Amino acid sequence: MKILVPVKRVVDYNVKVRVKADGSGVETANVKMSMNPFDEIAVEEAVRLKEKGVAEEVVVVSMGVSQCQETIRTALAMGGDRGILVETDDELEPLAVAKMLKGLAEKESPDMVILGKQAIDDDANQTGQMFAALMGWGQGTFASEVDIQDGSIQVTREIDGGAETVKLKLPAVVTTDLRLNEPRYAKLPNIMKAKKKQLDTLSPADLGVDTTPRLKTVKVAEPPKRQGGIKVADVAELVDKLKNEAKVI
Amino acid sequence: MTILVVAEHDNAHLASATLGTVTAAKAIGGDVHVLVAGKDCGPVAEAAAKVDGVAKVLVADAPHYEHGLAEDLASLVAGMAGDYGHLLAPATTFGKNFMPRVAALLDVAQVSDITSVESEDTFTRPIYAGNAMATVQSTDGIKVITVRPTAFEPAAAEGGSAAVESVEASEHSGVADFVSQELTKSDRPELTSAKIVVSGGRGMGSGENFKILEEVADKLNAALGASRAAVDAGFVPNDYQVGQTGKIVAPDLYIAVGISGAIQHLAGMEGSKVIVAINKDEEAPIFEVADYGLVADLFQAVPEFSKELDKVL
Ligand SMILES: Cc1cc2nc3c(=O)[nH]c(=O)nc-3n(C[C@H](O)[C@H](O)[C@H](O)COP(=O)(O)OP(=O)(O)OC[C@H]3O[C@@H](n4cnc5c(N)ncnc54)[C@H](O)[C@@H]3O)c2cc1C
Ligand SMILES: Cc1cc2nc3c(=O)[nH]c(=O)nc-3n(C[C@H](O)[C@H](O)[C@H](O)COP(=O)(O)OP(=O)(O)OC[C@H]3O[C@@H](n4cnc5c(N)ncnc54)[C@H](O)[C@@H]3O)c2cc1C
């Protein structure tokens, strides 16, 4: 089978972001960018399926500025076979990304699309579900286990009360949660090899998608800052403060 | 203008997250309808009809709605959307799962995880793990929104007397089926609605050691939580995780034990009224947000804390 893995270039999770002084967004110039951590998990899962002989080809796609090529190369170094960049400088909302993925899915006919459950910049948690709806496919979101069977997959999902298992007809969409697997680090020889792998570039227009945003960012502001409190000397003082000062116990 | 709130429930009880979502709907303004889709979910419809501020309850009762499958729920909700200006669901794993599908079927954007309503079309939501707050305006005709339940006071569960009507069920999608469910059993309050939460991190060392936290939690009638590191290490189940990619909690009292205070963890608990941190490292970032910090070895401090509680409770 063929697996499509969309990967997003985001501000590295170790970076503490700063809001721009004019309130138009967050500062992304000169900050470290990386692959969205959930997408590393998605690439890993696809590559493992290939190593197990379940999948024949893993196609990695990214949408955004030309530097997304680096993100694609990282995924190719982890074991992806080839990459597609849909290049645009426009800001992309999940609905536009989902529509472009639909365009690609119609060209590539994957049996499964594995995405991250959320991107850690916008925390939208939408793209996989939107894409599944546009295709009329089943979805296994927040996956902690994926089990491929004949013509279908069973996905165990992390839900608020515990875990749930659903069975989906293929083709289907899976979105990854943190505990699906532990992504590998790409080894140097593989990084070198990845540079030679095929990477095609398309534009949103090639896919017939209008990416005009539906949402207007009115402003971006710092959250109200919490004031640090005091250190207490011992447990007795702590209990006393909670009882008599904060009155929460 | 009429607003549809999609209720979260287990076919017997209305989930508390629905009540915060109703409050957000009231803040937008207009009549509030609640959709209860499930199987033999009459008791939930009755409960929803009593919620203060609800004008009408719509019930879709069919076997394939029993487990809230996204594929089936989304086609039902999208089919009803024409009567509404806004569609709301809680930003729990229930709402996050199906709402984006509804948005895509209607060809509109979704505004995720809102924490306040600025006007009928403008909402504020956290981005970058809560390190920035974005105010966004939706230009779509129908606004599809998920609501962070802990950011809104729960609507009163009693006092309303809404009419209950049934609506026609949509067809089963045929592409996804429920197989099984493993719910964590607990007699403790639910993590996202508990007044007190006691959380443990990697510093707990093992699942066995969580017993000392359980003792404290039981005395305080608190829920138990954990950092991602504690969940990844297998100390506790995944649904205990608090943080950017786990649950968002905002109790009156949050006690963080052996948790360093990574931004992804803080994103899930910074909204708590009072924060206590117990950590042996006085430099741990958790102390920057704690109202009361205790620098101590948790294996001494927690049992002692438990004993002190006996004196005052
Ligand atoms: C301040 C601000 C606030 C915003 N608020 C909203 C909002 O409330 N709602 C909204 O819809 N948009 C909003 N946006 C628009 C924002 O640009 C998009 O949400 C974002 O580009 C895509 O969302 P996401 O990555 O969080 O999607 P998610 O749904 O969280 O992403 C999940 C997965 O989809 C895949 N994916 C996503 N994007 C790409 C990509 N470009 N290339 C390849 N794969 C991808 C990845 O596998 C990823 O793990 C906002 C933007 C800003 C700057
Ligand atoms: C994409 C992504 C998403 C994430 N989402 C989340 C999330 O939702 N929630 C979350 O929590 N994390 C999340 N993380 C992980 C986060 O970055 C941290 O790694 C994690 O929160 C650390 O957990 P911890 O504080 O328990 O462990 P550590 O950082 O290892 O801290 C352990 C603490 O225990 C203290 N300690 C040790 N022994 C004792 C003792 N005997 N007595 C007292 N104190 C002791 C130490 O001083 C230390 O401060 C995410 C990370 C990524 C990349």
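Below, all heavy atoms of this structure are taken into account, side chains as well, without hydrogens, waters or symmetry copies. Naming: A, B, ... by sequence-line order, numbering from 1 per chain. Small disclaimer: the values here were computed from a predicted structure and weren't measured.
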Quick one: which residue pairs count as a side-chain hydrogen bond (donor to acceptor under 3.5 Å, both in side chains) with a foot in residues 272-287 of chain B, not counting sequence neighbours?
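Found B/D252-B/K273.
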
Tell me, out of B/D113, B/V295, B/V231, B/L313, who's got the most heavy-atom pairs with chain A below 4.5 Å.
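Most heavy-atom pairs within the cutoff with chain A belong to B/V231.
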
In terms of heavy-atom pairs under 4.5 Å, which option from B/E182, B/M99, B/E190 contacts chain A the most?
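Of B/E182, B/M99, B/E190, B/E182 has the most heavy-atom pairs under 4.5 Å with chain A.
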
Using non-hydrogen atoms only, which part of A/V232 is less than 4.5 Å away from chain B: side chain, backbone, both, or neither?
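Answer is both: backbone and side chain atoms of A/V232 are under 4.5 Å from chain B.
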
List the atom of A/L95, the atom of B/A109, and the distance in Å for their closest heavy-atom pair.
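Taking A/L95 first and B/A109 second, the nearest heavy atoms are CD2-N, 4.2 Å.
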
Below 4.5 Å from any heavy atom of chain B, which atoms of A/D234 appear? Answer side chain, backbone, both or neither.
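Contact with chain B is through the backbone of A/D234 alone.
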
When only pairs under 4.5 Å are counted, which of B/A222, B/A104, B/S173 shares the most heavy-atom pairs with chain A?
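The residue among B/A222, B/A104, B/S173 with the greatest pair count is B/A104.
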
Chain A: which of B/T192, B/V108, B/L105 shares the most heavy-atom pairs with it under 4.5 Å?
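Heavy-atom pair counts peak at B/V108.
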
With rounding to the nearest 0.5 angstrom, report the CD to CD distance, A/E237 to B/E308.
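Rounded to the nearest 0.5 Å, the CD-CD separation comes out at 11.5 Å.
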
All side chain to side chain donor-acceptor pair (under 3.5 Å) counterparts of A/K32, not counting sequence neighbours
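Side chain to side chain donor-acceptor pair (under 3.5 Å) list for A/K32, sorted by chain: empty.
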
Heavy-atom distance under 4.5 Å to chain B: side chain of A/K243, backbone, both or neither?
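When you check distances to chain B, only side chain atoms of A/K243 fall under 4.5 Å.
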
For A/K169, look at atom NZ and say whether over 12 heavy atoms of other residues, nucleotides or ligands are found less than 6.0 Å away.
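Atom NZ in A/K169 is not crowded, with 12 or fewer foreign heavy atoms closer than 6.0 Å.
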
Name the option with the most non-hydrogen atom pairs under 4.5 Å to chain B; the candidates are A/V19, A/V17, A/D240.
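With the most close heavy-atom pairs to chain B, the winner is A/V17.
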
Check whether B/L69 gets within reach of chain A through its side chain, its backbone, both or neither, counting any heavy atom under 4.5 Å.
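Looking at B/L69, just its side chain touches chain A.
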
At a heavy-atom separation under 4.5 Å, does B/Q244 approach chain A through its side chain, its backbone, both, or neither?
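For B/Q244, the contact with chain A is made by backbone and side chain together.
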
Report which part of B/E118 has an atom under 4.5 Å of a heavy atom belonging to chain A: side chain, backbone, both, or neither.
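Looking at B/E118, nothing touches chain A.
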
Non-hydrogen atoms of chain A under 4.5 Å away: do they reach the side chain of B/D107, the backbone, both or neither?
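B/D107 touches chain A through backbone and side-chain heavy atoms alike.
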
Using a 4.5 Å heavy-atom cutoff, which residues in residues 299-306 of chain B come close to chain A?
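The residues closer than 4.5 Å to chain A, in numerical order, are B/A301, B/E304, B/F305.
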
Taking salt bridge (charged side-chain N to carboxylate O under 4.0 Å, His left out) as the definition, give me every residue that meets it alongside A/R226, ordered by chain and number, with sequence neighbours left out.
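Here the qualifying residues are B/D291.
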
To the nearest 0.5 angstrom, please state how far the CZ atom of B/R101 sits from the CG atom of A/L134.
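Between atom CZ of B/R101 and atom CG of A/L134 there are 9.0 Å.
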
What part of A/A172 lies closer than 4.5 angstrom to a heavy atom of chain B: side chain, backbone, both or neither?
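Neither the backbone nor the side chain of A/A172 comes within 4.5 Å of chain B.
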
Set out, in order, the CA-CA distance, both residues' side-chain angles and the distance that settles side-chain contact (heavy atoms from CB on, under 4.5 Å) for B/L309 and A/I249, then state yes or no.
CA-CA 9 Å; B/L309 284 178; A/I249 60 172; 3.7 Å; yes

Mind ranking B/E71, B/H67, B/M133, B/K185 by heavy-atom pairs under 4.5 Å with chain A and telling me who comes out on top?
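If we count pairs closer than 4.5 Å to chain A, B/M133 comes out on top.
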
Contact winner vs chain A - B/K195, B/K311, B/K307, B/Q241, heavy-atom pairs under 4.5 Å
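Max contact count across the listed options: B/Q241.
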
Non-hydrogen atoms of chain A under 4.5 Å away: do they reach the side chain of B/A296, the backbone, both or neither?
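Contact with chain A involves no heavy atom of B/A296 at all.
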
Between B/D232 and A/R179, is any pair of side-chain heavy atoms under 4.5 Å apart?
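Heavy-atom side-chain distance check passes, below 4.5 Å.
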
With only heavy atoms counted, which part of A/A98 is less than 4.5 Å from chain B, the side chain, the backbone, both or neither?
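For A/A98, neither part sits under 4.5 Å from chain B.
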
Residue selection (most heavy-atom pairs with chain B, distance under 4.5 Å) from A/G138, A/G136, A/G23, A/S144
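If we count pairs closer than 4.5 Å to chain B, A/G138 comes out on top.
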
For A/V11, is it the side chain, the backbone, both, or neither that has a heavy atom closer than 4.5 Å to a heavy atom of chain B?
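Looking at A/V11, just its side chain touches chain B.
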
Based on non-hydrogen pairs under 4.5 Å, which of A/V248, A/T141, A/N14, A/T175 is most in contact with chain B?
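Of A/V248, A/T141, A/N14, A/T175, A/V248 has the most heavy-atom pairs under 4.5 Å with chain B.
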
Could you give the distance from CD1 (B/I263) to NZ (A/K16), rounded to the nearest 0.5 Å?
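Answer for the CD1-NZ pair, B/I263 versus A/K16, is 6.0 Å.
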
NZ or CZ of A/K231 within 45° of B/Y292 ring axis and under 6.0 Å
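Judged by the rule, A/K231 and B/Y292 form no cation-pi pair.
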
Let me see the working for B/I127 and A/D121 under side-chain contact (heavy atoms from CB on, under 4.5 Å), right down to the final yes or no.
CA-CA 6 Å; B/I127 54 174; A/D121 47 1; over 6 Å; no

Of all the heavy-atom pairs spanning B/V274 and A/A246, show the shortest one and how long it is.
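Heavy atoms only, the tightest pair is CG2-CB, 4.0 Å.
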
Proximity breakdown for B/L183 and chain A, heavy-atom pairs closer than 4.5 Å:
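It is both, since atoms from each part get that close.
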
As an exercise: rank A/L170, A/I230, A/D177, A/V155 by heavy-atom pairs under 4.5 Å with chain B and give me the winner.
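Maximum pair count with chain B is reached by A/I230.
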
Pick one of side chain, backbone, both or neither for A/R18, based on which atoms fall under 4.5 Å of a heavy atom in chain B.
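Neither part, no heavy atoms under 4.5 Å.
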
Minimum heavy-atom separation for A/P223 and B/G130, please, with both atom names.
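The answer is CG-O, 3.2 Å.
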
Measure distances from B/V102 to the heavy atoms of chain A and classify the residue's part below 4.5 Å as side chain, backbone, both or neither.
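Contact with chain A is absent: no heavy atom of B/V102 under 4.5 Å.
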
Return the minimal non-hydrogen interatomic distance between B/K247 and A/D160, and the atom names on each side.
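Taking every non-hydrogen atom into account, NZ-O, 2.6 Å.
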
Could you verify whether a donor N or O on one side chain and an acceptor N or O on the other, from B/N97 and A/Q139, lie under 3.5 Å apart?
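Side-chain D/A pair, B/N97 to A/Q139: present.
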
side-chain contact (heavy atoms from CB on, under 4.5 Å) between A/L178 and B/T245, intermediate numbers included
CA-CA 8 Å; A/L178 294 166; B/T245 54; 3.3 Å; yes

Atom group of B/I196 that falls short of 4.5 Å from chain A, counting heavy atoms:
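The answer is the side chain of B/I196.
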
Top contributor to chain B contacts, counting heavy-atom pairs under 4.5 Å, from A/E182, A/E245, A/Q227
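Result: the option with the highest number of such pairs is A/E245.
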
Is it the case that the side chain of B/T139 and the backbone of A/R214 share a donor-acceptor pair, with hydrogens and angles ignored and the cut-off at 3.5 Å?
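Confirmed, B/T139 side chain pairs with A/R214 backbone.
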
Going from CZ on B/F94 to CD1 on A/I159, what distance comes out if it is rounded to the nearest 0.5 angstrom?
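The CD1 atom of A/I159 is 11.5 Å from CZ of B/F94, to the nearest 0.5 Å.
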
Of the listed residues (A/G161, A/G228, A/G140), which shares the most heavy-atom pairs with chain B below a 4.5 Å separation?
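Winner by heavy-atom pair count: A/G161.
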
Are B/D239 and A/E158 packed together at the side-chain level, in the sense that at least one heavy-atom pair is separated by less than 4.5 angstrom?
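Not in contact.
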
Please classify the contact of B/S186 with chain A as side chain, backbone, both or neither, using a heavy-atom distance under 4.5 Å.
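It is neither, since no heavy atom gets under 4.5 Å.
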
So, taking the atom named CG in B/D177 and the one named CG in A/L168, what distance separates them when rounded to the nearest 0.5 Å?
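Rounded to the nearest 0.5 Å, the CG-CG separation comes to 9.0 Å.
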
Heavy-atom proximity to chain A below 4.5 Å, by part of B/S138:
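Contact with chain A is through both the backbone and side chain of B/S138.
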
Counting only heavy atoms closer than 4.5 Å, note whether A/K225 contacts chain B via side chain, backbone, both or neither.
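Neither part; nothing is under 4.5 Å.
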
Can you tell me how far the CD atom of A/Q129 sits from the CD atom of B/Q110, to the nearest 0.5 Å?
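A/Q129 atom CD to B/Q110 atom CD measures 8.0 Å (nearest 0.5 Å).
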
Give, as side chain, backbone, both or neither, the part of B/K96 having an atom under 4.5 angstrom from any heavy atom of chain A.
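Backbone plus side chain of B/K96, per the 4.5 Å heavy-atom cut-off to chain A.
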
Atom group of B/L294 that falls short of 4.5 Å from chain A, counting heavy atoms
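Both the backbone and the side chain of B/L294 come within 4.5 Å of chain A.
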
So for A/Y13, is it side chain, backbone, both, or neither that comes closer than 4.5 Å to the heavy atoms of chain B?
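Contact with chain B: backbone and side chain both.
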
